[in-house]
Amino acid sequence: MHLLKWLCDPTTAAADVTQINLVPPRVPTQIEADWLWNFLYGRKPTRLEQAKIIAGMSAPEKTALLGWSNSVAAVFAQFLPTPPAWPTAPLVIAAPAWAAFKGLMEAFYERGLKRGLPYLANGTPAAVNGVSYKSFVQAFCDAHRSHPDALDLCVLCGGELGDTPEVDHWISKGQYPLLSVCQNNLLPICHDCNSSANKGEKPVHVSGCFDDWFHPYLRSGNGKVTVNYQLITRSVTCAAVNPTDEARVRNLDELLNLSTRWTKRFKAEYRIQQDDLRRIAKKKIESQQGAVSQVEIQNHLQGEQSKLSPARPWFEVHYALFTALLQQARLDAWQTELGVAI
């Protein structure tokens, strides 16, 4: 925003985009000024050229771009009880200028965050050891890990974050490039959630409104999504705990294909439990103790259910599975299957 305000100042022309002019008070500190100039100048002249294109825009274009950017930057306001209208891209800006703005802003993520921003985690300007892609992910994992040996969870699907989590943008930086390094817009998520088949670059608002959407930080869906199951087809669907959240759950499900992905996990865990019960039944028969009883089946499943924890991956899916497996009809079926199918 400091850079954009300077470039969109009516008194700033393309020729004014020089190192000697990028000094306080145009940015609050010399640390930020030095970092910004290194960011613009770099090895490639592209970012400096993009900055000059923005500085060379007409006064109406500058006013429109700065006004739009100020509105977009207030992401948190979109999740207040009465949010302001979410702004659309200013049409008055010529295509080359918009392309320059988009490229320059996205570079803050592609280059700036990867190498390190000139700020500590608390926002204090710092010439070294500023927030970086790597430190951001590490700090997130440290803050959300329930135990030193616990698995890290994806904030979107509830699955395992994995060894190489990806920093994704909740609101697409392709459509809203100013938000490339916005603190409320960066999410460490799993590879599957970040794939083009799932979230990718899809919009996370309906008709320019975030009312019907969750947000991992600003309007969390944690505890508001439940899992319904069909044991015959071994499939699950997402459902809202409260009717008022139905649209939000539906949008999240469609964005991430949660029902499809959770169904795969449900089926995989079903097979694991099925194999475990078969081994128990086989071992009992081989030891000439007779067929496994329904009480033994129930005790085993209840024991496995007691091990479930919200701090472990796929908790909701596993909880739904054991609820299904412990139904009386399913216990009756297990006893019949395991008594003869050995």
Side-chain angles (χ1 to χ4, degrees), residues 1-24 26-70 72-73 87-119 125-128 130-137 166-183 185-186 194 196 200-201:
M1 286 303 296
H2 292 314
L3 176 62
L4 192 60
K5 288 177 181 178
W6 176 45
L7 298 178
C8 288
D9 189 310
T11 64
T12 303
D16 296 320
V17 184
T18 62
Q19 184 174 14
I20 197 172
N21 287 327
L22 185 53
V23 293
R26 290 192 174 98
V27 287
T29 66
Q30 192 61 46
I31 289 175
E32 293 161 289
D34 292 340
W35 187 94
L36 274 174
W37 182 253
N38 289 330
F39 170 76
L40 289 176
Y41 198 67
R43 292 184 179 180
K44 296 181 179 180
T46 306
R47 287 181 291 276
L48 187 58
E49 292 171 357
Q50 291 168 334
K52 290 182 177 181
I53 291 173
I54 297 170
M57 292 191 306
S58 67
E61 286 178 308
K62 289 185 174 184
T63 300
L65 180 58
L66 192 56
W68 178 84
S69 297
N70 283 327
V72 167
T88 56
L91 300 178
V92 69
I93 300 175
W98 178 260
F101 166 73
K102 182 175 182 293
L104 185 59
M105 294 297 110
E106 288 186 354
F108 276 96
Y109 174 79
E110 302 295 346
R111 179 180 181 272
L113 183 61
K114 294 295 173 68
R115 293 192 177 186
L117 300 173
Y119 302 99
V128 295
V131 172
S132 66
Y133 188 106
K134 183 178 180 180
S135 67
F136 173 74
V137 172
E166 301 176 14
V167 178
D168 180 47
H169 297 83
W170 178 241
I171 303 168
S172 167
K173 65 178 173 58
Q175 295 176 309
Y176 297 91
L178 184 75
L179 301 179
S180 66
V181 290
C182 172
Q183 63 178 347
N185 201 40
L186 294 176
N194 200 26
S196 58
E201 294 288 313

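What you see below is based on every heavy atom in this structure, not just the backbone, and it leaves out hydrogens, waters and symmetry mates.
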Step through the shown structure and confirm whether more than 12 heavy atoms of other residues, nucleotides or ligands are within 6.0 Å of NZ on Lys134. no
Can you name the side-chain hydrogen bond (donor to acceptor under 3.5 Å, both in side chains) partners of Thr63, sequence neighbours left out? none
Please state whether the rings of Trp68 and Phe101 are parallel, tilted or perpendicular, taking 30° and 60° as the class boundaries. perpendicular
For Pro28 and Pro24, which heavy atoms make the closest approach, and how far apart are they? O-CB, 4.1 Å
Quick check: does any side chain N or O of Asn194 sit under 3.5 Å from a backbone N or O of Asp168, one acting as donor and the other as acceptor? no
Rounded distance [0.5 Å steps], CG in Leu3 versus CG in Leu104: 5.5 Å
Exam field: side chain Tyr133 to backbone Val167, donor-acceptor pair closer than 3.5 Å: yes
Quick one: which residue pairs count as a side chain to side chain donor-acceptor pair (under 3.5 Å) with a foot in residues 87-103, not counting sequence neighbours? Lys102-Glu106
For the CG atom of Leu179 and the OH atom of Tyr109, what is their distance to the nearest 0.5 Å? 13.5 Å
Rounded at 0.5 Å granularity, tell me how far CG in Leu40 sits from CG in Leu48. 6.0 Å
Rounded to the nearest 0.5 Å, what's the gap from CD on Glu201 to CD1 on Ile171? Could you check? 12.5 Å
Shortest non-hydrogen contact from Leu178 to Ser69? CD2-O, 3.2 Å
Hey, is the main chain of Val131 close enough, under 3.5 Å, to the side chain of Ser135 for a donor-acceptor pair? no
Where is the tightest heavy-atom contact between Asn38 and Arg111, given as atom of each residue plus distance? O-NH2, 3.6 Å
Minimum-distance pair of heavy atoms, taken over all atoms of Gly112 and Trp35: CA-CZ2, 3.8 Å
Using modelled atom types and a 3.5 Å cut-off, is there a donor and acceptor pairing between side-chain atoms of His169 and backbone atoms of Leu186? no
Heavy-atom pair with the smallest gap, counting every atom of Ser180 and Phe108: OG-CB, 3.8 Å
Below 3.5 Å, can you tabulate the donor-acceptor pairs from side chains in residues 7-18 to any protein atom, sequence neighbours excluded?
from	atom 1	to	atom 2	distance (Å)
Asp9	OD1	Thr11	N	2.8
Asp9	OD1	Thr11	OG1	2.7
Thr12	OG1	Trp6	O	2.9
Asp16	OD2	Ala13	N	2.8
Thr18	OG1	Asn21	ND2	3.1

Salt bridge (Lys or Arg N to Asp or Glu O under 4.0 Å) partners of Glu110, counting only residues at least two apart: Lys173
Restricting to side-chain hydrogen bond (donor to acceptor under 3.5 Å, both in side chains), what partner residues turn up for Gln183, sequence neighbours left out? none
Under the side chain to side chain donor-acceptor pair (under 3.5 Å) rule, what do Thr29 and Glu32 come out as? Steps first, then yes or no, please. CA-CA 5 Å; Thr29 66; Glu32 293 161 289; 2.7 Å; yes
Glu61: which residues meet the side-chain hydrogen bond (donor to acceptor under 3.5 Å, both in side chains) condition with it, sequence neighbours left out? Ser58
Check whether any side-chain heavy atom of Met57 lies under 4.5 Å from a side-chain heavy atom of Ile54, and answer yes or no. yes
For Pro96 and Ile53 the tightest heavy-atom approach is O-CG2, 4.1 Å
Within this structure, what is the CG-OG distance for the pair Leu117 and Ser132, rounded to the nearest 0.5 Å? 8.0 Å
To the nearest 0.5 Å, tell me how far Arg47 CZ sits from Tyr41 OH. 12.5 Å
